[in-house]
Asker: 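Below you will find the structure I want to go over with you.
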Amino acid sequence: MKQLFVFIRKEFYHVFRDRRTLLILFGLPIMQIVLFGFALSSEVKNIGISIQDNAKDAASQQIIAKIQSSSYFHVKEPILNYTEIESKFRTGDIKCAIIFPPNFGSDLFKKVGGKIQIIADASDPNTAIIVTTYLTSIINNYQQEINPTANISYRIIPELRQLYNEEQNGSLNFIPGVIALIFMIVSTALTSVAVVREKEMGTMEILLVSPFKPILVLVAKAIPYLVLSLVDFIIILLLSVFLLHVEIRGSLLLLFAESILFIITCLSLGLLISNLTNSQQTAMLVSMMGMMLPTMLLTGFMFPIENMPWIFRVISHIIPSRYYYAIVKAVMLKGLGFSYVWKETLVLLGMSAVLLTLALKNFKIRLS
């Protein structure tokens with residue numbers, strides 16, 4: 001046991017004397033959590049919009065005032081004709097334009113009703129849909145204010161409620177995915193060079209003659225990264241709670257336990273890559289690039305898995321971060337317990353066992 005602690009201490013020395021490793025270990029998670037939390041958001045705000053008011057009556061001015069007071073829109077200079085609208089769309093100065101016809105206010109209370117033309121830039125279809133939805137909501141609210149007792153035979157008034165994110169905090173969508181991405185990249189990338197580094201430095205012969213069992217060598221190499229990954233996890237949680245105002249609704253103990261399991265899975269994958277490659281550069285490239293894209297694209301983090309072709313849905317089942325992402329969303333954001341995530345937990349447990357077994361088998365082959 002004493003020899004094991006000595007070996008673990010040696011691995012800690014390897015980590016702390018390498019500035020690049022420390023940068024990946026602590027700099028990358030902080031940068032990603034801040035970047036995804038603040039710079040990247042699914043919310044659409046400060047949309048450039050121009051208005052052509054041909055009516056210039058009280059009704060059009062009131063609607064314009066409501067649009068100006070909304071944080072979603074940034075009203076640009078008024079436009080005078082269609083040619084000017086097209087020019088602004090081409091330069092990207094605006095994403096939307098509104099045209100009020102003449103006599104809009106007087107037509108509003110007639111049977112035909114007042115009409116407003118909304119033109120949106122659909123080169124980004126999602127943004128165009130969101131913009132038109134925002135404007136339709138503002139116009140409908142105004143119509144409700146001026147004529148609350150409209151005589152309509154069948155009237156349906158939807159009452160909306162946003163579960164688990166009533167404040168519309170865009171960071172909630174990214175935090176679980178960022179945590180999975182950080183662990184998948186950091187834990188896998190750093191351990192992927194652990195064994196191959198011994199070969200490049202010429203110290204593999206020392207492992208051959210040492211009384212250590214192969215499993216203890218792998219454990220000694222993995223424990224420092226497990227400890228430091230947990231430190232990373234604590235930093236991420238602190239940044240999420242105090243900087244991004246994300247509330248942890250579920251059990252913190254369960255979240256830690258599931259994170260440890262996922263880190264062990266990532267470390268096992270990294271050790272397997274380290275045993276299958278012959279250089280640190282190759283191991284780092286395979287672990288970082290090979291794990292980053294599947295984690296971002298095939299976990300439901302950025303794109304819904306249900307919308308993907310069937311072949312990608314099948315492939316996503318072998319990505320460990322898919323299950324951890326689902327666990328973090330369920331525990332951290334929804335406040336659910338172990339009874340809701342036990343299936344994903346078993347899958348991660350099975351993956352870690354298989355990966356560790358393969359890593360050990362290949363390590364024995366490399367030592368022989």
Side-chain angles (χ1 to χ4, degrees), residues 1-18 20-22 24-26 28-29 179-201 203-204 206-208 210-236 256-277 279-280 282-284 286-288 290-291 295 320-321 323-324 345 347-367:
M1 186 60 68
K2 183 178 179 180
Q3 291 176 332
L4 178 62
F5 284 123
V6 171
F7 206 102
I8 293 173
R9 185 173 63 182
K10 178 188 77 71
E11 290 299 321
F12 270 111
Y13 287 153
H14 274 304
V15 174
F16 287 118
R17 74 183 181 184
D18 189 349
R20 291 176 299 177
T21 300
L22 292 176
I24 294 174
L25 193 58
F26 296 109
L28 183 63
I179 295 175
L181 181 63
I182 289 172
F183 284 155
M184 202 66 185
I185 294 176
V186 172
S187 301
T188 306
L190 295 181
T191 51
S192 67
V193 299
V195 176
V196 72
R197 180 173 55 205
E198 302 284 353
K199 181 179 179 181
E200 287 191 349
M201 295 176 64
T203 56
M204 185 66 75
I206 299 176
L207 296 178
L208 286 172
S210 67
F212 255 24
K213 293 181 179 180
I215 183 65
L216 293 180
V217 174
L218 295 183
V219 168
K221 287 186 171 295
I223 285 180
Y225 298 108
L226 173 62
V227 173
L228 294 174
S229 295
L230 286 176
V231 174
D232 261 344
F233 182 61
I234 294 172
I235 293 174
I236 292 170
F256 262 93
E258 298 287 355
S259 298
I260 291 174
L261 176 59
F262 181 63
I263 292 171
I264 292 174
T265 306
C266 295
L267 295 177
S268 302
L269 179 59
L271 290 172
L272 178 60
I273 294 173
S274 187
N275 282 289
L276 294 176
T277 52
S279 68
Q280 295 188 53
T282 304
M284 189 68 73
V286 171
S287 59
M288 292 197 72
M291 295 300 107
T295 299
S321 48
Y323 303 98
Y324 181 69
T345 304
V347 173
L348 284 180
L349 192 61
M351 284 185 172
S352 62
V354 171
L355 290 171
L356 188 57
T357 302
L358 292 175
L360 179 60
K361 181 179 179 180
N362 282 275
F363 184 59
K364 289 179 179 179
I365 294 174
R366 175 159 283 191
L367 288 178

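Computed from a prediction, not measured in an experiment: that's the story for all the values here.
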Asker: Which atom pair, heavy atoms only, marks the closest approach of Leu358 to Asn362?
Answerer: O-ND2, 2.7 Å
Asker: Report the C-alpha distance between Phe12 and Val227 in whole Å, list the side-chain angles of each, state the deciding distance to 0.1 Å, and finish with yes or no for side-chain contact (heavy atoms from CB on, under 4.5 Å).
Answerer: CA-CA 10 Å; Phe12 270 111; Val227 173; 4.3 Å; yes
Asker: Heavy-atom distance under 4.5 Å between the side chains of Pro29 and Val186, does that happen here?
Answerer: yes
Asker: Measure the spacing between CD1 of Ile263 and OG of Ser352 and express it to the nearest 0.5 Å.
Answerer: 12.5 Å
Asker: Which class fits the ring pair Phe183 and Phe233: parallel under 30°, tilted 30 to 60°, perpendicular over 60°?
Answerer: tilted
Asker: Nearest 0.5 Å please: distance from the CG atom of Leu355 over to the CG atom of Leu348.
Answerer: 10.5 Å
Asker: Atom CG in Leu218, atom CG in Leu267: separation rounded to 0.5 Å?
Answerer: 11.0 Å
Asker: If you compare all heavy atoms of Thr188 against all heavy atoms of Cys266, which two are closest, and at what distance to 0.1 Å?
Answerer: OG1-O, 3.4 Å
Asker: Measuring from atom CE of Met184 to atom OG1 of Thr265, what distance do you get when rounded to the nearest 0.5 angstrom?
Answerer: 8.5 Å
Asker: Nearest heavy-atom pair of Ile273 and Ser192: which atoms, and what distance?
Answerer: CG2-CB, 4.0 Å
Asker: Between Ala359 and Asn275, what is the shortest heavy-atom contact and its length?
Answerer: O-ND2, 3.4 Å
Asker: Rounded at 0.5 Å granularity, tell me how far CD1 in Ile264 sits from OG in Ser259.
Answerer: 11.0 Å
Asker: Can you tell me how far the CG atom of Leu269 sits from the OG atom of Ser274, to the nearest 0.5 Å?
Answerer: 11.0 Å
Asker: Only counting residues at least two apart or in another chain, list the ones meeting side chain to side chain donor-acceptor pair (under 3.5 Å) with Thr345.
Answerer: Glu258
Asker: Filter on side-chain hydrogen bond (donor to acceptor under 3.5 Å, both in side chains), then keep only pairs touching residues 222-232, sequence neighbours left out; what's left?
Answerer: Ser187-Ser229
